[in-house]
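What's counted below: heavy atoms across the whole structure, side chains too, no hydrogens, waters or symmetry copies.
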Amino acid sequence: GNGAPQGPAPPLGLRVPCGPWDPGARARALGSGLCSRSHPPAPARPQAPRPLSLSSRCGAERRPRSARLRSWPARGAEPRWVRAGLRGGAAPAPAGASSGASSGGFTPCLSFSPAGLRRWLCSAAPAPRVCVVGSGPAGFYTAQHILKHHGGALVDIYEKLPVPFGLVRFGVAPDHPEVKNVTNTFTQTARSGRCGFYGNVTVGRDVTVPELQQAYHAVVLSYGAEDNRVLGIPGENLPGVYSARAFVGWYNGLPENQDLKPDLSCETALILGHGNVALDIARILLSPLQLLRKTDITDSSLAALACSKVKRVWLVGRRGPLQVAFTIKELREMINLPGARAVLDPADFTGLESAVKDASRPRKRLTELMIKTALEKPVEMQAGAAGAAAPREWGLKFQRSPQEVLPSADGSRARGVRMALTRLEGSGDSAKAIPTGDVEELECGLVLSSIGYRSLPLDPAVPFDSQRGVIPNSSGRVEGVPGLYCSGWVKRGPTGVIITTMNDSFDTAQSLLEDLQGGVLDISPSREGFGLVESILHSRGVRPVSFSDWEKIDAAEVARGKAAGKPREKIVDPAEMLRIIGH
Amino acid sequence: MPCWAGLQQDPSTIPLSILPSCFPSLLPPSTPREAVLLWFFPFLPPILPGCMYKCLIKLSLHQRTAQGTGSRMAHGILGLLRPLQSRLSASRTRLVLLCAETEQHQGPARGWAERAFSSTHQDAPGESSSEDRVTVHFINRDGERLTTTAKEGESLLEVVVNHNLAIDGFGACEGTLACSTCHLIFDKDTFQKLDAISDEELDMLDLAYGLTDTSRLGCQVCVKKWMDGVTLRVPMDVSDMRRQLEVGKQSKQ
């Protein structure tokens, strides 16, 4: 303990007081240091596992002999004082706040003792080791909850990319920086001594789930949804048709979508879907450039949007206004977007005022806002404000189901979409759209299908429900596989905002803690944790990225963004990320 | 360094001697140093005079104070010693408690945990001006009642965070109206006297679990003098409701 904490002002919301923790404390405790020899850049990962040799360890963090051979405590574990850090919530009750459970007499529970002392005194069992696969909000909230409510557990988070935070970094729109404040609490969790972060490790390829189950007492799968649902209509693969997931990944700097190069040279864009992702894309397409320039949107997408000719965006959905999936905050933002005009057909909203009279408050307010916008006369825009050009437009179209994407004359790109008009059967969320037989054609050059994300199976050892696209589970416990848990979108399906994922992750963490307490999760066999995984990764030529490495990448991104007046300039090439940290 | 990291590094200055004598069976030594600590120090209390205890504690606390953890250590020692008053002589205990208490207010507050604690120590009754402190009660999801005093003008989110109250997942977006995790339920009278709610707050509240007619977001409500003694409830979340349902189902079977 020799460092004051670096970094920004205290993050609110995190209940794990990690104190003045030096991010490198854990590494230093193990006595590791970087190899001082210089090396050529790391070769591409070989397909066959390579034998472990001295050369393969060069450049790796080497642990001194004494740390490796130490038998007391268990090999590969950090010293106790690093592990048994402070517990949030179980911190000594400050004088100002009294919890109901204060005990004045002599009790073994030691409610006023320093937390680490309590752990030192009360446990002779080995520390439970938990592995979390995925470093998005689901992974971090699960880890946070486990660390907070179990004074001795050690949690390791694995991530396939070199950079953490998942959809908070790659899914949240660039003009919503407040939502990204959750990364502050994730950073504190990752910096705590009992949490390890290992990026650049693809579970399922670099290390399998059975191997993780050998190394850890419990494995939590929080790898989210990396694929999207397909429309299943002819013409879907024409140039000009993209999935919303790929488009969002493109402007948010997700490495695999950087080659998207969407064609923005048409005037009309069609977005299929009535969710928040659809509204996000519409807003990014129509936002004035000077607003986007100050966000962390990637430079290349900013350049593409500067040349964009898109003036009109239609959001098309199969069902009616009472079934829209977007939320009122995003709709309000769209209505108030400078330089853009909302075009809603009042005919779509006749009779709805009375229909929502008894609906829940969120649905009622959302529908009322849509009705109000539809009935409002369009405000005459001043010549100076919007410039000489007509304002951009966006609108909602209801009860239209896409049947075919129509190709242009030479068949080289999309030129429009044929849609079947539908009628609704039933009401509320369970209403079904039935085609009436009538069709309508809408001309457009850009089609974005925003009909939902989808999870993919990770490993043959993990059961997967392909129909629903989730891992079968009950309260986060994977069915049929003891010691395996899941949280986040891969558990519940790809819907919801951060609070949904937070509650869901706490639910899984609670199940895991209950299993630990009840003995269902057996922690008597001592597991090596990352010690075992490290040797597996070495043998496969994989070099994990630590959290302090990510902080170097983070600092580089922030420094590059400063010059342009952006919060950060995201690095989109994983090879460049690895070069920055010297891998 | 955690405050008690020093335990391993400087065993001779830690007044842990009391503990081994109480329940040695709970102390599995994991290093040779710990084994020495365990077996040697039970013999210390009768041997050392009271003044040496004072010096030991002052020494250890000054060390910790340099890292800003003195106040935490002081509380820890207070807590340890209180139940054991009968074992030590009264005078010795008084000395120890005196030292521990005087150490509370020393030490620079560094790191946000220390900052949290030092602000709490300012709240300790009798030690600061109580005219502008407002007492607020929170009932968290486990039914625990958490009481704290807040400064007028602080938002309820700041109160929860600064006083490190045991409420899971509170204030994810740090007060920027981008989530609904600081959702609190007020009683009817208090709710009606609050400032008008904005559209933006209503929009985010729409997404909250367990929404009631007297719900507000904690980051938008500031503590006022007339709120002295108010009780706020943290609503249950979906997983809590799901668990309740499961428990109900099991009890019916």
Could you tell me whether the side chain of [Y] reaches within less than 4.5 Å of the side chain of [X], counting heavy atoms only?
X        : Y        : answer
A:Ile328 : B:Asp206 : yes
B:Asp203 : A:Thr327 : no
A:His145 : B:Asp168 : yes

Quick one: [atom1] on [X] to [atom2] on [Y], what's the gap to the nearest 0.5 Å?
X        : Y        : atom1 : atom2 : result
B:Thr212 : A:Arg361 : OG1   : CZ    : 9.0 Å
B:Ser180 : A:Ile498 : OG    : CD1   : 11.0 Å
B:Leu207 : A:Thr500 : CG    : OG1   : 8.0 Å

At their closest point, which heavy atom of A:Tyr141 faces which heavy atom of B:Ala172, and how far apart are they?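 In terms of heavy atoms, the two residues are closest at OH-CB, 3.6 Å.
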Where do B:Glu174 and A:Asn184 come nearest, in terms of heavy atoms and distance?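 The answer is OE2-ND2, 3.0 Å.
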Pick from A:Arg365, A:Met502, A:Lys180 with the largest number of heavy-atom pairs that fall under 4.5 Å of chain B: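 The residue among A:Arg365, A:Met502, A:Lys180 with the greatest pair count is A:Arg365.
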Would you mind checking which part of B:Cys179 comes under 4.5 Å of any heavy atom in chain A, side chain (CB onward), backbone (N, CA, C, O), both or neither?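 Answer is neither: B:Cys179 stays 4.5 Å or more from chain A.
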Under 4.5 Å from any heavy atom of chain B - which part of A:Arg332: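 Contact with chain B is through the side chain of A:Arg332 alone.
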Under 4.5 Å from any heavy atom of chain B - which part of A:Ser360: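 For A:Ser360, neither part sits under 4.5 Å from chain B.
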Mind ranking B:Leu202, B:Leu211, B:Thr135 by heavy-atom pairs under 4.5 Å with chain A and telling me who comes out on top?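 So the answer, after comparing B:Leu202, B:Leu211, B:Thr135, is B:Leu202.
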Run B:Met204 and A:Ile499 through side chain to side chain contact (heavy atoms under 4.5 Å, CB included) and show every step you take. CA-CA 11 Å; B:Met204 292 321 299; A:Ile499 184 180; over 6 Å; no
Taking CG in B:Asp213 as the centre, count heavy atoms belonging to other residues, nucleotides or ligands within less than 6.0 Å. Is the count above 12?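 Check fails, neighbour count at 12 or below.
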Might you confirm whether atom CZ of A:Arg363 has over 12 heavy atoms from other residues, nucleotides or ligands at distances under 6.0 Å?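 Counting other residues, nucleotides and ligands, CZ of A:Arg363 exceeds 12 neighbours.
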